[in-house]
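Take a look at the structure set out below.
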Amino acid sequence: MWNRTKITELLKIEYPILLGPMGGGFSTPELLAAVSNAGGLGSIGAYTLSPEEIIETDKIVRTKTDKPYNINLWVNDVDERLVNYPTEKIEEIKLLFKPFFDELSIPLPDLDANIPSKFLKQVETLFELKPAVFSFIFGIPSKEVLNEALKLGIKTVGAATTLDEALALEEAEVDAIVATGFEAGGHRPSFLKPADESLTGTFVLIQQVKAKTKTPIIAAGGIADAKGIKAALALGADAVQIGTAFLVTDESNATPMHKAKLFSEESKNTVLSKSLTGRMGRMIGNRISSAIRYDIEVLPFPLQTRLMGPLRAAAIEQGKTDIYNFWSGQNAVNLKYTSAKELIEVLIREMS
Ligand SMILES: Cc1cc2nc3c(=O)[nH]c(=O)nc-3n(C[C@H](O)[C@H](O)[C@H](O)COP(=O)(O)O)c2cc1C
């Protein structure tokens with residue numbers, strides 16, 4: 001019974017396969033429902049959404065599934081260094097990107113550094129909606145927030161990029177820990193040490209966390225097929241979380257250009273770069289990640305995202321696929337499925 005684990009018991013799901021939440025507009029209710037309806041755990045990455053948008057999305061989700069699902073938020077959604085960030089510095093950093101804006105014949109945008117955190121308002125909304133699971137990255141919510149989740153019967157899932165972060169999450173008594181290795185697509189959600197000092201691979205991290213904690217473990221990063229799931233479970237994980245393999249499916253909201261990139265030869269070359277949002281994340285390497293190397297200062301998160309917004313829109317419109325970064329995990333070379341429903345069914349069949 002490969003599919004009876006601490007996680008399936010805890011989350012009341014049939015199979016220990018979780019859809020990685022993909023914030024920034026990549027998650028959809030269709031993608032969530034494909035995974036939850038098949039007996040896994042679907043999710044919505046909601047960190048960019050307003051409370052009203054979360055309510056709206058949740059309404060649609062409930063028309064598509066009556067199974068458990070997860071809403072994911074970012075505990076820390078604005079860099080501390082953004083407060084009082086000097087205007088001259090913003091203008092200086094903008095100039096680094098000017099050649100790319102010029103290439104697309106668009107002006108550099110005016111930027112307002114006054115960006116408040118959304119997290120606490122989003123949490124209030126989440127507590128009204130009461131999804132089965134509340135997962136979060138970039139930190140640990142306050143004791144009050146975790147206690148309220150406990151009272152409401154919502155399971156809490158935190159993400160660790162190092163053993164120390166896993167120990168901190170266990171100390172806070174979260175219900176489960178995502179052990180997320182550096183192979184994973186999207187942001188590197190480190191919160192104790194800088195992301196570039198928290199680069200443990202998934203299969204080592206699972207073993208470290210298994211050796212030193214008792215909390216159920218969800219392995220994330222580089223898992224895209226049944227062999228990967230078997231390996232993660234063999235090393236001590238109680239479930240897996242898959243992002244990139246679902247990002248290419250029809251049910252995801254990635255652009256056709258993004259999906260084509262993931263299916264192309266280029267996806268063998270991913271890099272960790274801050275150039276897209278201001279925080280380190282894994283994406284397919286391109287001219288911008290090569291030019292703006294990791295040690296070059298970019299704007300704090302999420303101001304850098306606002307700088308790149310118009311560039312992204314123009315690059316998509318003009319079909320300039322080498323100028324904009326596309327999120328991807330390291331293990332994209334074997335991606336096959338364009339239907340999330342089919343992918344999850346194949347994973348379950350090959351595991352059984
Ligand atoms: C485009 C994209 C966006 C992501 N956004 C989030 C997010 O908002 N919250 C989160 O917890 N994880 C996020 N992740 C990480 C995934 O949930 C998952 O843990 C990761 O993709 C697993 O590694 P894999 O891509 O190698 O399968 C994102 C991943 C991608 C590819």
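Just follow the structure's listing: the first ligand is 1, and inside any ligand the first atom is 1. The residues of the chain are indexed from 1 along the displayed sequence. On a predicted model such as this, the values are computed, not experimentally measured, just so you know.
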[Y] versus [X], side-chain donor and acceptor atoms under 3.5 Å:
X      : Y      : value
Glu251 : Thr28  : no
Ser275 : Asn325 : yes
Ser43  : Asn72  : no

Which residue and atom name correspond to the protein heavy atom nearest [atom], and how close is it?
atom                    : value
atom 27 (O) of ligand 1 : Gly243 N, 2.8 Å
atom 29 (C) of ligand 1 : Gly185 O, 3.3 Å
atom 25 (O) of ligand 1 : Thr244 OG1, 2.6 Å
atom 5 (N) of ligand 1  : Gly23 N, 3.1 Å
atom 2 (C) of ligand 1  : Met22 CG, 3.8 Å

Worksheet item: Is the closest basic N to carboxylate O distance between Lys6 and Glu9 below 4.0 Å?
Response: no
Ignoring angles and geometry beyond distance, decide whether [X] reaches within less than 3.5 Å of ligand 1 through its nitrogen or oxygen atoms.
X      : value
Pro21  : yes
Ile137 : no
Gly222 : yes

Can you sort out which atoms of ligand 1 are near [X], meaning under 4.0 Å from one of its heavy atoms?
X      : value
Ala220 : 19 (O)
Gln241 : 17 (O), 18 (C), 19 (O), 22 (C)
Trp327 : 1 (C)
Gly20  : 16 (C), 17 (O)

Response to the item:
For residues 223-250, the salt bridge (Lys or Arg N to Asp or Glu O under 4.0 Å) pairs (sequence neighbours left out) are none
Worksheet item: Can Lys274 be said to sit on top of Tyr294's aromatic six-ring, NZ or CZ under 6.0 Å from centre and within 45° of the ring axis?
Response: yes
Discussion item. Contact between Ser273 and Met283 at the side-chain level, heavy atoms closer than 4.5 Å - yes or no?
Written reply: yes
Item to complete: Look at the aromatic rings of Tyr324 and Phe326 and report parallel, tilted or perpendicular, splitting at 30° and 60°.
Response: perpendicular
Practice prompt. Report the part of Asn72 in contact with ligand 1, treating N, CA, C, O as backbone and CB onward as side chain, heavy atoms under 4.0 Å; options are side chain, backbone, both, neither.
Written response: side chain
Worksheet, complete the sentence: Counting heavy atoms under 4.0 Å, the part of Tyr47 that contacts ligand 1 is side chain
Worksheet item: Does even one non-hydrogen atom of Gly221 get within less than 4.0 Å of ligand 1?
Response: yes
Worksheet item: Has Trp74 got any heavy atom lying under 4.0 angstrom from an atom of ligand 1?
Response: yes
Discussion item. When you measure from the side chain of Glu342 to the backbone of Tyr337, do you find a donor-acceptor pair of N or O atoms at a distance under 3.5 Å?
Written reply: no
Worksheet item: In chain order, what residues pass the side-chain contact (heavy atoms from CB on, under 4.5 Å) check against Tyr47, with sequence neighbours excluded?
Response: Trp74, His187, Phe301
